[in-house]
Each structure stands twice: as C-alpha cells, then as structure tokens.
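Start at 1 and go down the list; that is how both ligands and their atoms are numbered.
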Amino acid sequence: MQAVLEQAEPPISDTTSSPRPLLDRFGREVNYLRISVTDRCDLRCVYCMAEDMQFAPRSHLLSLEEIVRIGTSFVELGVKKIRISGGEPLTRNNVLYVFEQFGALPGLEDLAITTNGTQLVHYAMALRAAGVTRVNISLDSLRMDRFRQITRNGELHKVLAGIDAALAAGFRKVKLNVVVMKHKNHDEVVELVQFARERGVDISFIEEMPLGEMANHDRACGYYSSDEVLRDLRRHYDLQATTESSGGPSSYFRMPDSAIRVGFISPHSHNFCATCNRVRLTAEGRLLLCLGQEHSADLRRIVRDRPADAAGLQRAIIDAMAIKPQGHDFDLRSQPVIFRHMSVTGG
Ligand code: SAM
Ligand code: SF4
C-alpha cells in the first residue's frame, strides 16, 4: 500500500530555466539525488527485503534513458551529487550506460554508488573509468555463516573480493556500511573497524530503519543504538568526535592512530532531518521527498507522456520541493508506517 500525497501547495516558482538552488519550504537546499535503478537484488538482507518480495513489473521501471533524463534535469537545476543505488544497482542490465552518461555531465561534482559488492570484481574498473568517485559497500559481518544468515543467501568471499577490486581501482573514496542489529552482528563492530583500519577505508554504522513489513524479523528487539556501538568501540579505540560533515546524516569520529573515519547514521537516537539535503528517485520514477514519509511526485508520468518537454520536467521537480516534509516519524515499537522497503527506496 502506498499513499501518494498530491502536491497540495502552489508551485514555488514559475521559472523553468533558472539555475538557482532547489529550495524547500524550510529553506533547505536540495543538492543531492539518490537514484534507485532497480528494486531487484541478488541478496535478501533481513532488514531490507522480505523473503518473498513482490517486485515491480518491468514495464513500470524507468528505462535507463529515462533515468538519465531525470538525473540530467536535476543537475541542470543545481544538484551536485548523484548516488546510484537500488536494489542492487549492478544487477541491472547495461547499467554502465547510466554511469557513463552521468560521468560526462558538466556540473555534477560527485557520482557515487551504493552496492552490496557481489559484482564489483567485474565492474570496479569500468565504474572508475565512467567517472564514479565514491563507492559505498555494505558489509554487515566478516563471518561466513552470519553473512549468509543476514543476507539470506550471500557469499562473503565475493564481497571481500569486491572490496579489494574497489580499492585497486582507485576511487576517491571507498566506504563500508554496516547495519547493526542486536544478537545478529552487534558484537562484531570492533572487528569490522579493525578490518576498515587495515584497508584504510571509512566505515559507517547504521541504525536499522522501519521500512517495509518483515516476517521473522523483530526490529524493536534488534535495535542497537549508535551510542551503544560507540561505547563498545571506545573500549578498544580512542574515538574522538569531529565536526566534519558530508552534508548528510552521518556524524564522524576519528582515531589518532589511523586515517579512517568512523561514521554513525542514527535516525532513531540522533534525528538528522534539519539538515537534509537530498531527495530520492525510485526505480519506478517516483520522486520521494523524504525517506520516512510518502510525499512524492510521479516523474515517470511526465517523462513518458511528454518525452521532449524538458521544461515541464524541470518545473515538476521545482514544484515537488514544496511538499518536502520537515522530517520522518520513525518508531520501532509500532508497525511500520512506511510500507515500502529500503530496496524500493534506494537507500
Ligand atoms: N544493494 C546495495 C547495498 O546493499 O549496498 C544498495 C541498496 S541498499 C537498500 C542501500 C543501503 O541501505 C545498504 O547500506 C543497506 O545496508 C541499507 N539498508 C537497507 N535496509 C535498511 C534498513 N531497513 N535500515 C537501515 N539501512 C538499511
Ligand atoms: Fe539487496 Fe542491498 Fe537490500 Fe541487501 S540491503 S537486500 S544487498 S538491496
């Protein structure tokens, strides 16, 4: 069930050609677009997908050309960073086309990908050549059996080889993402930081968000806060808070004896909505204004009905800023209010 809120408020601008920043009602500048290029994945992480996921019919998915059109329009409106995500982006056929097109766009400063890493051995060099600057790789456990349990079918060695391939390819930044769950991997955080230190890569710990209904997975029981992770890590590492920001929800810590950063994304314990600078495009072409709300605009309809109307597309994007909500209302104790899974959203 998806409640799509219509655009109830008047457009904020009648200008379609102005390069001025995309601003929402709360004065926040939107300069970051995350795009889900597919809702499908070769893994089934317990916090992200149900075991028997219903995927969108292929005809509902944006074509690669439609994705490029929409992303280009955002860049023309001042967006500086695009992250390609999913589902697993590297499972989409011919996905390199999207990276190559965005990689050649003047004005785009950062082209990033979030991936589970299983295909990186094959793609890392081509992504780098296409202009990808940053790669985030999900890694929730270093233990084969746990990794398989958490991902339901994943093979850890493929992801580890993918991390090596990303490091060899020479991206500006490679970062690891860990969703921390009590009794599933919370006791591995020290080893994961050690792994990151040995490879010189940043690592972020993420509190699980209540997106989509899950059978056999109790989110409230599995909640392990960023503060608890930090406490556990401080028994081993001298972690010091920094004021560094990447314009996003992470707070960063550093250690005197390593160059890496340890980040925390804490939607429950430290709300980050006040500085939100991003919007998301789902694989079906819905522009989501907030990860934790259903406010959205249907951009697929616009690119399909009026493929040559570049001004109309820009206008729809500008107008959508007026319905960006102030923040999310995540509550782990109640049933999810957001029925879409993270794989649909493009995390
Ligand atoms: N398949 C790719 C991957 O796993 O990196 C990209 C898509 S995945 C949805 C993007 C990120 O969202 C991953 O780091 C994943 O761990 C995270 N994620 C998925 N479901 C989540 C949830 N319910 N709460 C917090 N993070 C979640
Ligand atoms: Fe797939 Fe990424 Fe979701 Fe895991 S987190 S099921 S790898 S989309």
task: Going by heavy-atom distance to atom 26 (N) of ligand 1, choose the closest among Val179, Thr115, Asn116.
output: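 Considering heavy atoms of Val179, Thr115, Asn116, the nearest to atom 26 (N) of ligand 1 sits in Val179.
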Short list, please: which atoms of ligand 1 are under 4.0 Å from a heavy atom of [X]?
X	answer
Glu208	23 (N), 24 (N), 25 (C)
Ser85	6 (C), 7 (C)
Glu88	1 (N), 2 (C)
Gly86	7 (C), 9 (C)

Record the part of Cys48 in heavy-atom contact with ligand 1 below 4.0 Å; permitted values are side chain, backbone, both and neither.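 Both backbone and side chain.
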(message) Distance alone, cut at 3.5 Å: any donor-acceptor contact between the side chains of Arg286 and Ser296?
(response)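 Judged by distance alone, the side chains do pair up.
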Using a heavy-atom cut-off of under 4.0 Å, does the side chain or the backbone of Cys41 touch ligand 2, or both, or neither?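 The side chain, only.
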Does NZ or CZ of Arg199 lie under 6.0 Å from the centre of the six-membered ring of Phe195, at an angle within 45° of the ring axis?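 Here Arg199 passes the 6.0 Å and 45° test against Phe195.
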> Relative to Tyr32, does Lys81 satisfy both conditions: NZ or CZ under 6.0 angstrom from the six-membered ring centre, and within 45 degrees of the ring's axis?
Replying inline: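 Yes, Lys81 lies over the aromatic ring of Tyr32.
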- Once the angle between the rings of Phe253 and Phe264 is folded into 0 to 90°, is it parallel (under 30°), tilted (30 to 60°) or perpendicular (over 60°)?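 Judged by the thresholds at 30° and 60°, the geometry between Phe253 and Phe264 is perpendicular.
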Practice problem: Not counting sequence neighbours, which residues clear salt bridge (charged side-chain N to carboxylate O under 4.0 Å, His left out) with Asp110? List them please. | Solution: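 Partners of Asp110 under the salt bridge (charged side-chain N to carboxylate O under 4.0 Å, His left out) test: Arg134, Arg172.
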Checklist entry - salt bridge (charged side-chain N to carboxylate O under 4.0 Å, His left out) with Glu100: which residues, sequence neighbours excluded? => result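 If we apply the salt bridge (charged side-chain N to carboxylate O under 4.0 Å, His left out) test to Glu100, skipping adjacent residues, there are no hits.
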What do you reckon, does [X] have a nitrogen or oxygen under 3.5 Å from a nitrogen or oxygen of ligand 1?
X	answer
Tyr47	yes
Asp140	no
Met209	yes
Glu207	no

### Message
To the nearest 0.5 Å, what is the distance between NZ on Lys158 and CG on Leu160?
### Response
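It is 12.5 Å, given to the nearest 0.5 Å.
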Once rounded to the nearest 0.5 Å, what's the spacing between atom CD of Glu66 and atom CG of Leu61?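 CG of Leu61 is found 10.0 Å from CD of Glu66.
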Item to complete: Indicate yes or no: does Arg315 engage Asp319 in a salt bridge with an N to O separation below 4.0 Å.
Response: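 Yes, Arg315 and Asp319 are salt-bridged.
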State whether Cys48 contributes an N/O/S atom found under 2.8 Å from atom 3 (Fe) of ligand 2.
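For Cys48, the answer is yes, given that an N, O or S atom comes within less than 2.8 Å of atom 3 (Fe) of ligand 2.
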With the 4.5 Å side-chain cut-off for hydrophobic clustering, are Val135 and Val121 part of the same group?
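Cluster IDs for Val135 and Val121 differ.
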**Prompt:** Any heavy atom of Met49 sitting closer than 4.0 Å to ligand 1?
**Reply:**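 It does not, in that no heavy atom of Met49 comes within the 4.0 Å cut-off of ligand 1.
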Take every heavy atom of Gly87, measure it against each atom of ligand 1, and state whether any distance is under 4.0 Å.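 Distance cut 4.0 Å: Gly87 passes for ligand 1.
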Under 4.0 Å from a heavy atom of Cys45: which atoms of ligand 2 are those, numbered in the order shown and with their elements?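 So the answer, numbered in order with elements, is 4 (Fe), 5 (S), 6 (S), 7 (S).
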* Asked: Closer than 4.0 angstrom: is that true for some heavy atom of Gly87 and an atom of ligand 2?
  ->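 Distance cut 4.0 Å: Gly87 passes for ligand 2.
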